[in-house]
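Since the structure comes first, as structure tokens, the remarks are kept for the end.
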There are 2 protein chains.
Amino acid sequence: MSSDDKSVVTRLRKLISDGGYQPGERIGEVRVAEQLGVSRTPVRLAFRTLEQEGLLQRANKRGFVVREFSQEDVLCAVEVRGALEGLAARRLAERGLGPGVREQLEGCIARGAALLGKGYLEEGDIARWSTLNETFHRAIVEGTGSRVIDDAIQRNNHLPFASADSIVIDSAALDREYQKLYLAHQQHQLVFQALQRGEGARAEMLMREHAYIGLRYGELFGLDPDAETGAE
Amino acid sequence: MSSDDKSVVTRLRKLISDGGYQPGERIGEVRVAEQLGVSRTPVRLAFRTLEQEGLLQRANKRGFVVREFSQEDVLCAVEVRGALEGLAARRLAERGLGPGVREQLEGCIARGAALLGKGYLEEGDIARWSTLNETFHRAIVEGTGSRVIDDAIQRNNHLPFASADSIVIDSAALDREYQKLYLAHQQHQLVFQALQRGEGARAEMLMREHAYIGLRYGELFGLDPDAETGAE
DNA sequence: GGCCTGTACTTTGGATCCAATAACAGCTAT
DNA sequence: ATAGCTGTTATTGGATCCAAAGTACAGGCC
């Protein structure tokens, strides 16, 4: 189950989000099994997982359809992440961050400063930011030491547009993206400061606001708000 | 899948939470299949669902074990619910509650007032409170109109101690429970007032605090805090 | 005597087979 | 001509079979 089956779930998730199946489209077991080169059994297992994740939903009486998400859904998923990561940040601030977490967060901020210090973005910087941003968020969530909170966030992140590293969408306009990343970096610093000082409420609100960064902040830089959903 | 298989998931969930399998215990496919009188296939599918719900977790290299939850986990699950229901309440207050939702909430409060107005609890009141409380919470969550938020809350509620109606634990001491329910009723009224007035931040904080009602409020009434986890 | 290795058994995961059911189409009757 | 019924087909869900991987036990070697 571990190796091969997990790969089926992953590949099916990728197959769907890459547009192999359109939102609202009915998805059948046999066709997917043929496409992935496996039997129907692991596909059925994977359908179950993806149903729980929210990517699939049961059809009228039989089978599954690919779930379709509205702009509103995207916004809500980001708000859910903000609420949960805010909760994690508050708990972390109140209970104090251990040396390991502090070190990780400091490392992320240092890497962010190095990345953005030169005043512009170059090829590969976006990937580098993505990993450091991922590390930063995971450090906070794992720092709470609660699998329940972690799981809740992970489940929400299964929605393809909800996770923390779906910020950058236009890698062609690096100058515009630079401003967003710089703001995100500043927010990271503020969150870290609040965490260090044990300012729970402030850490929570900062983390919550930080979730919006990939969503509506484009308006601040004169972008078209409709193009700033962060989806895909 | 719909009818029979859903029953397998439900029955297995019940089998686990009724103590048929101890937390931390390894759970095998064949034994469960025999106990439920079905083949291994639906059991495997059910394992998948319950893994996503968080009731099972993968064993070291093979199979599943029943997840065990600490007191800390219970607290975290309640805080997660508070954060998410708080988010729902804020959105509802900001966007305004429609006549349907308002009516439902008013109905719940009226029923609560009738239930608690006589000053004491009698047999059956606890079940009545449970349904009205469930209706109240669901009205707020569904009132947001967002399946994403709804799903996130539902997924958290799959943990047996996390849902909103795991308040009352000691049905033998009805006088003590009365005070808790009365406080809960007052909180419902405050939440409703904030929702009506469009006071988003206040509605959120009230809803969030309200989540704790079954957890630590026992201390206020001189109960043993350890007995007030709300589990089961 | 303890540790390592090999073999056998247990259990899971994948594939295939069979039954049940829902969708679809064609036919008939009003 | 249309609506309802019936038969056929396609697709899902359950059971069983087979292979692979893990674990435990035992025997041998150091």
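Given the structure is predicted, the values throughout are model-derived calculations rather than measurements. Labels below follow one simple rule: chain letters A, B, ... track the order of the sequence lines, proteins then strands, and each chain is numbered from 1.
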- [ ] Evaluate the side-chain proximity of Arg13(A) to Leu55(A): yes if any heavy-atom separation is below 4.5 Å, no if none is.
- [x] yes
Task: Spacing of Arg58(B) atom CZ relative to dA21(D) atom P, expressed in whole Å - done: 16 Å
Task: Distance, rounded to the nearest Å, where Glu29(A) contributes CD and dT16(C) contributes P - done: 15 Å
Open item on the list: If I take atom CZ in residue Arg31(B) and atom C1' in nucleotide dT12(C), what distance separates them, rounded to the nearest angstrom?
Closed with: 17 Å
Open item on the list: Would the base of dA23(C) count as contacting Arg62(A) through its side chain, where contact means a donor and an acceptor less than 3.5 Å apart?
Closed with: no
- [ ] Calculate, to the nearest 0.5 Å, the distance between atoms CZ and CZ belonging to Arg67(B) and Arg147(A) respectively.
- [x] 4.0 Å
Task: Separation of dT12(C) P from Leu45(B) CG (nearest whole Å) - done: 15 Å
- [ ] Specify whether His188(B) and Trp129(B) have parallel, tilted or perpendicular ring planes, treating 30° as the upper limit for parallel and 60° as the lower limit for perpendicular.
- [x] parallel
Task: Arg44(A) (side chain) and dT12(D) (base): donor-acceptor pair under 3.5 Å - done: no
Open item on the list: Classify the ring geometry of His137(A) against His210(A): parallel below 30°, tilted from 30° to 60°, perpendicular beyond 60°.
Closed with: parallel
Open item on the list: What is the distance, to the nearest angstrom, from the CG atom on Leu56(B) to the P atom on dT12(C)?
Closed with: 12 Å
- [ ] Report the distance from atom CZ of Arg40(B) to atom P of dG14(D), rounded to the nearest whole Å.
- [x] 14 Å
Task: Length of the CD-P vector between Glu34(A) and dT16(C), whole Å - done: 12 Å
TODO: Starting at atom CD of Glu51(B), determine the distance to atom C1' of dT12(C), rounded to an integer number of angstrom.
DONE: 14 Å
Task: 5' priority, DNA chain C, between Val30(B) and Ser39(A) [closest heavy atom] - done: Val30(B)
Open item on the list: With a 4.0 Å limit, can you tell me whether Thr41(B) has a side-chain N or O closer than that to the phosphate oxygens OP1/OP2 of dG14(D)?
Closed with: no
